[in-house]
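Okay, structure first, notes after.
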Amino acid sequence: MKLELDTDKFLKQYWQQKPLLIRNAVPNFVPPIDANELAGLAMEDEIESRIIETHTDNWSLQHGPFKEADFSRDLPWTLLVQSVDLYVQEVAELLQLVAFIPNWRVDDVMVSYAVNGGSVGPHYDNYDVFLLQGEGTRQWRLGQTCDSSSALLPNDDLRILDHFDCYEEYTLGPGDILYMPPGVAHWGIAQGECTTFSLGFRAPRVNDMLSRQVDELLEQIDPEDFYTDVGLSPAQRAGEIRDEDLQRATRVLQAAIEHSASQRWFGELLTEPGYTNEVIEEEVAQGLELLKGELSLVTLLPGSKLAWRECGGHIEVYANGDAMDYPASVLPMLVRLCGEHALYGSALAQASANDACLDLLAHLLNLSCIAIE
Ligand code: SIN
Ligand code: CO
């Protein structure tokens with residue numbers, strides 16, 4: 001499966017900036033899951049699902065798990081199932097289409113099914129999304145740019161906009177993609193039954209980034225380091241803190257950040273799993289035993305977060321919020337595991353012959369990040 005897109009041009013002109021309609025983005029697209037399979041997932045306890053029913057200018061929301069009877073309704077409705085990539089391998093493979101964007105920016109693949117007229121209402125999202133049309137057709141209306149001050153209808157859960165100015169309108173068929181940057185209002189309305197695959201992204205909040213960076217910095221900074229003011233200009237008015245003093249203070253902090261010995265906070269924050277990651281001791285012990293012999297398959301467990309950073313001569317590996325250093329020889333294995341979520345054949349044979357790779361696999365096992373067969 002290949003995305004028909006000039007990715008360089010897209011990143012320069014559209015990513016995070018403006019919507020883009022990509023007609024026939026995935027030629028001959030065969031949706032990897034149909035409405036019945038989606039309904040089956042929405043009946044499971046551990047899978048997050050919602051049904052939104054469309055009234056004239058009013059919408060109602062119900063959370064799953066659902067029963068068979070929930071899927072027959074009089075008013076137009078939409079079923080949305082979150083993180084389908086964690087449960088259906090073929091849906092996870094859709095993320096290969098956006099492999100030109102760093103993996104750690106990816107959130108999940110949400111899949112929706114709607115009957116004729118079904119809609120989740122006019123809204124905006126805080127994150128980028130590629131809306132890939134599966135079966136059937138959906139009309140998309142594009143509206144104004146919004147932010148946290150934009151007026152919403154009273155039902156908080158749904159985050160439906162109080163008003164919508166339609167600037168553009170597109171009808172998407174199977175394989176078409178509509179890219180939406182954060183903050184642009186959009187309103188999709190099913191024309192007949194249809195499914196839509198939302199390849200959704202995420203970005204850390206700046207306040208989380210700041211608090212994590214400061215925490216790491218505080219562990220490294222010498223409490224005997226002080227504010228300095230070489231080249232001070234004479235004080236003119238008693239008690240005054242001048243702009244130049246404040247600028248000097250900011251420069252002192254910037255220098256502390258630049259000279260900090262380690263910068264792990266970003267990787268640790270990005271790879272923190274969004275769910276409680278249960279480590280099953282028995283499975284870890286079995287995996288460690290298997291590592292001593294011949295391996296046939298290593299898989300990244302669904303929902304596990306793995307990233308890395310080249311730093312001096314070594315590699316900082318970030319896995320499920322944990323950071324650890326490895327020699328550069330682990331890189332080919334790591335890239336493959338991050339990209340394909342699996343290791344087998346000659347790539348696995350090469351990794352098995354390298355002690356640093358075996359150490360890293362043992363570490364990832366202990367973090368419940370991979371499974372070994
Ligand atoms: C949908 O699939 O119906 C909604 C997706 C979105 O607007 O983000
Ligand atoms: Co949306």
Side-chain angles (χ1 to χ4, degrees), residues 8 11-18 100-107 124-128 145-150 181-183 201-274 277 305-328 330-331 334-335 338 356 360 363 367 369:
D8 287 344
L11 291 175
K12 262 198 208 97
Q13 296 181 8
Y14 296 93
W15 174 248
Q16 297 246 295
Q17 300 164 66
K18 50 188 183 196
F100 61 98
I101 295 163
N103 309 48
W104 45 264
R105 288 285 268 116
V106 170
D107 186 15
Y124 73 95
D125 299 305
N126 286 318
Y127 305 111
D128 312 76
T145 301
C146 306
D147 60 27
S148 53
S149 66
S150 304
F201 290 80
R202 68 195 182 114
R205 289 177 195 276
V206 175
N207 61 5
D208 286 334
M209 288 168 54
L210 197 60
S211 82
R212 298 296 287 261
Q213 187 187 44
V214 168
D215 284 348
E216 185 177 9
L217 215 52
L218 287 177
E219 283 172 18
Q220 300 171 44
I221 276 179
D222 181 348
E224 294 302 309
D225 276 352
F226 296 95
Y227 168 83
T228 52
D229 48 9
V230 178
L232 181 68
S233 54
Q236 306 288 347
R237 297 181 290 189
E240 183 179 13
I241 298 168
R242 298 158 301 181
D243 283 353
E244 64 182 73
D245 301 318
L246 192 57
Q247 281 157 10
R248 189 175 276 116
T250 308
R251 282 201 299 276
V252 169
L253 293 187
Q254 273 164 352
I257 293 172
E258 275 157 29
H259 299 134
S260 63
S262 94
Q263 296 266 27
R264 295 180 163 208
W265 61 273
F266 193 54
E268 286 173 351
L269 177 64
L270 294 173
T271 57
E272 254 167 21
N277 182 30
K305 301 253 187 305
L306 184 62
W308 56 273
R309 183 168 168 257
E310 200 161 17
C311 191
H314 65 272
I315 306 295
E316 281 174 4
V317 178
Y318 298 97
N320 290 349
D322 181 282
M324 190 94 144
D325 283 353
Y326 285 90
V330 300
L331 205 47
L334 205 47
V335 172
C338 288
L360 174 53
H363 176 62
L367 294 168
C369 196

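Small disclaimer: the values here were computed from a predicted structure and weren't measured.
- The two residues A328 and G313 make their nearest non-hydrogen contact at CB-O, 3.7 Å.
- Identified under the salt bridge (charged side-chain N to carboxylate O under 4.0 Å, His left out) test for residues 311-326, with sequence neighbours left out: R264-D325, R309-E316.
- Within the structure, ring pair (Phe, Tyr, Trp, His ring centres under 6.0 Å) pairs that include any residue of residues 226-261 do not occur (at least two apart or interchain).
- Few gaps surround CG on N207; more than 12 heavy atoms of other groups in view lie less than 6.0 Å from it.
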Worksheet item: What's the verdict on ring-ring contact (aromatic ring centres under 6.0 Å, His included) for F100 and W15, showing C-alpha distance, side-chain angles and the deciding distance?
Response: CA-CA 12 Å; F100 61 98; W15 174 248; 7.8 Å; no

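- Within 6.0 Å of the CD1 atom in I241, the count of heavy atoms belonging to other residues, nucleotides or ligands does not exceed 12.
- With values rounded to the nearest 0.5 angstrom, S211 atom OG is found 5.5 Å from D208 atom CG.
- Taking the side-chain hydrogen bond (donor to acceptor under 3.5 Å, both in side chains) definition, one finds that R237 meets it with E240, sequence neighbours left out.
- Contacts classified as salt bridge (charged side-chain N to carboxylate O under 4.0 Å, His left out) and involving residues 251-260 (residues at least two apart or in different chains) are not found.
- P182 places none of its side-chain heavy atoms less than 4.5 Å from the side chain of F201.
- When all heavy atoms are compared, the tightest approach of L217 to S260 is CD1-CB, 3.4 Å.
- Residues Q247 and R242 form no side-chain contact, since every pair of their non-hydrogen atoms from C-beta on lies 4.5 Å or further apart.
- Between the Q263 side chain and the E216 main chain, no donor and acceptor come within less than 3.5 Å of each other.
- For P327 against A356, the heavy-atom pair with the smallest separation is CG-CB, 3.5 Å.
- Taking each heavy atom of R202 and Y127 in turn, the nearest pair found is CA-CD2, 3.8 Å.
- Minimum interatomic distance between A319 and T271 (heavy atoms only, all atoms of both residues): N-OG1, 4.1 Å.
- With sequence neighbours left out, W308 forms a ring-ring contact (aromatic ring centres under 6.0 Å, His included) with no residue at all.
- In terms of heavy-atom proximity, D128 sits nearest to P181 at OD2-CA, 4.0 Å.
- Distance alone, capped at 3.5 Å, is enough to place a donor-acceptor pair between the N320 side chain and the K305 backbone.
- You'll find the side chain of W265 reaches within 4.5 Å of the side chain of M209, heavy atoms only.
- Looking at heavy atoms from C-beta onward, L269 lies out of side-chain contact with Q213 at the 4.5 angstrom threshold.
- Here the CG-CG distance, from L360 to L306, works out to 7.5 Å after rounding to the nearest 0.5 Å.
- Using cut-offs of 30° and 60° on the angle between ring planes, the pair W104 and F266 is perpendicular.
- The closest donor-acceptor contact from the side chain of Y124 to the backbone of T145 lies at 3.5 Å or more, if one exists at all.
- Shown here are the ring-ring contact (aromatic ring centres under 6.0 Å, His included) partners of Y318, two or more places apart in sequence or in another chain: there are none.
- Between L270 atom CG and R105 atom CZ the span is 9.5 Å, to the nearest 0.5 Å.
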